[in-house]
Amino acid sequence: QVQLMESGGGLVQAGGSLRLACAASGNKYGINDMGWYRQAPGKQRDLVAVVPRAGSATYADFVKGRFTISRDNAKNTVHLQMNSLKPEDTAVYYCYIWYFGQEYWGQGTQVTVSS
């Protein structure tokens, strides 16, 4: 059974920074893709950033130049460094992995950016 554990959410003022972390466990083989999605109230869940096991990351346009995704295959973790945060970044952020032909999701961590 694959499980994802998220941390790092919180309340921050506009222009501030947060660093999200996600640790996967229970996977027998290497994880293909790891990344982050976010969902604001009343809106769909949108891709923030995804990175394959070996390759370049893909970012949503609204975070390019502000957010950086990274993964550590030895530790089975993925991080999202969020800088220059804006109130419109307020959302629940979900860790995501693609593993053995299936999607897995974390429980989500709340990020709130005040004006």
Side-chain angles (χ1 to χ4, degrees):
Q1 53 184 9
V2 176
Q3 293 183 313
L4 303 177
M5 182 176 67
E6 300 156 313
S7 62
L11 175 64
V12 66
Q13 292 183 327
S17 298
L18 287 172
R19 183 173 172 85
L20 306 183
C22 176
S25 62
N27 54 301
K28 183 178 180 180
Y29 306 99
I31 297 169
N32 301 100
D33 299 331
M34 304 186 77
W36 296 90
Y37 284 69
R38 73 186 190 187
Q39 187 169 25
K43 297 184 178 180
Q44 68 177 27
R45 187 173 298 188
D46 293 323
L47 170 73
V48 177
V50 173
V51 61
R53 184 171 182 84
S56 300
T58 298
Y59 293 93
D61 288 341
F62 54 79
V63 303
K64 287 182 178 178
R66 300 189 298 125
F67 293 7
T68 302
I69 189 171
S70 60
R71 64 184 287 174
D72 187 330
N73 293 332
K75 296 181 178 180
N76 243 14
T77 59
V78 61
H79 292 81
L80 185 69
Q81 178 66 46
M82 304 186 294
N83 299 325
S84 302
L85 283 163
K86 305 174 181 179
E88 49 263 46
D89 293 320
T90 296
V92 177
Y93 284 70
Y94 296 91
C95 182
Y96 154 90
I97 68 168
W98 179 259
Y99 169 71
F100 208 67
Q102 188 172 344
E103 288 184 343
Y104 295 87
W105 298 92
Q107 293 299 309
T109 184
Q110 177 69 47
V111 171
T112 302
V113 184
S114 62
S115 300

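These figures come from a predicted structure and were not determined experimentally.
Under the 4.5 Å side-chain contact rule for hydrophobic residues, Y29 and W98 do not share a cluster. Side-chain heavy atoms closer than 4.5 Å link hydrophobic residues (I, L, V, M, F, W, Y) into clusters, and following such links, possibly through other members, connects V51 to Y99. Linking Ile, Leu, Val, Met, Phe, Trp and Tyr whenever their side-chain heavy atoms come within less than 4.5 Å leaves F67 and V50 in two separate clusters. Residues L20 and F62 share a hydrophobic cluster, clusters being chains of Ile/Leu/Val/Met/Phe/Trp/Tyr side chains in contact below 4.5 Å. Hydrophobic clustering of Ile, Leu, Val, Met, Phe, Trp and Tyr side chains at less than 4.5 Å, counting indirect connections, unites V12 with M82.
Under the 3.5 Å distance criterion, the side-chain polar atoms of Q81 are left unmatched by any main-chain donor or acceptor of R19. Of the possible donor and acceptor atoms, one in the side chain of N73 sits under 3.5 Å from a partner among the backbone N and O of R53. Between the Q39 side chain and the V92 main chain, no donor and acceptor come within less than 3.5 Å of each other. Without hydrogens or angle criteria, T112 side chain to T90 main chain gives no donor-acceptor distance under 3.5 Å.
A pairwise comparison of heavy atoms in T68 and Y59 identifies CA-OH, 3.4 Å as the closest pair. Scanning all heavy atoms of the two residues, the minimum distance from A49 to I69 falls at O-CD1, 3.6 Å. Taking both residues in full, the closest heavy atoms of R71 and N32 are given as NH1-O, 3.2 Å, listed atom of the first, atom of the second, then distance. Taking all atoms of both residues into account, the shortest heavy-atom contact from A24 to L4 is CB-CD2, 3.6 Å. Among all heavy-atom pairs drawn from D89 and R38, the shortest one is OD1-NH1, 2.9 Å. The two residues S115 and P87 have their closest heavy-atom pair at OG-CG, 3.6 Å.
Within 6.0 Å of CD on Q110 lie more than 12 heavy atoms contributed by other residues, nucleotides or ligands. Summarising the local packing, CD of E103 is surrounded by more than 12 heavy atoms from other residues, nucleotides or ligands at distances under 6.0 Å. Atom CZ of F100 is surrounded by 12 or fewer heavy atoms from other residues, nucleotides or ligands within 6.0 Å.
Atoms CD and SG, on Q3 and C95 in that order, are 12.5 Å from each other to the nearest 0.5 Å. With rounding to the nearest 0.5 Å, the separation of OG in S70 from CG in D72 is 8.5 Å. To the nearest 0.5 Å, the span separating OG on S114 from CD on Q13 amounts to 5.0 Å.
The closest side-chain heavy-atom distance from I97 to V2 is below 4.5 Å. Using a 4.5 Å cut-off on side-chain heavy atoms (C-beta onward), M5 and Q107 make no contact.
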Practice item. Dump the intermediate steps for side chain to side chain contact (heavy atoms under 4.5 Å, CB included) on W36 and H79, then the final yes or no. Key: CA-CA 9 Å; W36 296 90; H79 292 81; 5.8 Å; no
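Counted by atom type alone, N83 and S17 present one or more donor-acceptor pairs between their side chains at under 3.5 Å.
Cation-pi geometry between R45 and Y94 is satisfied (NZ or CZ under 6.0 Å from the ring centre, within 45° of the ring normal).
Shown here are the ring pair (Phe, Tyr, Trp, His ring centres under 6.0 Å) partners of W105, two or more places apart in sequence or in another chain: Y37, Y96.
Under the 4.0 Å criterion applied to side-chain N and carboxylate O atoms, D61 and K64 are assigned as salt-bridge partners.
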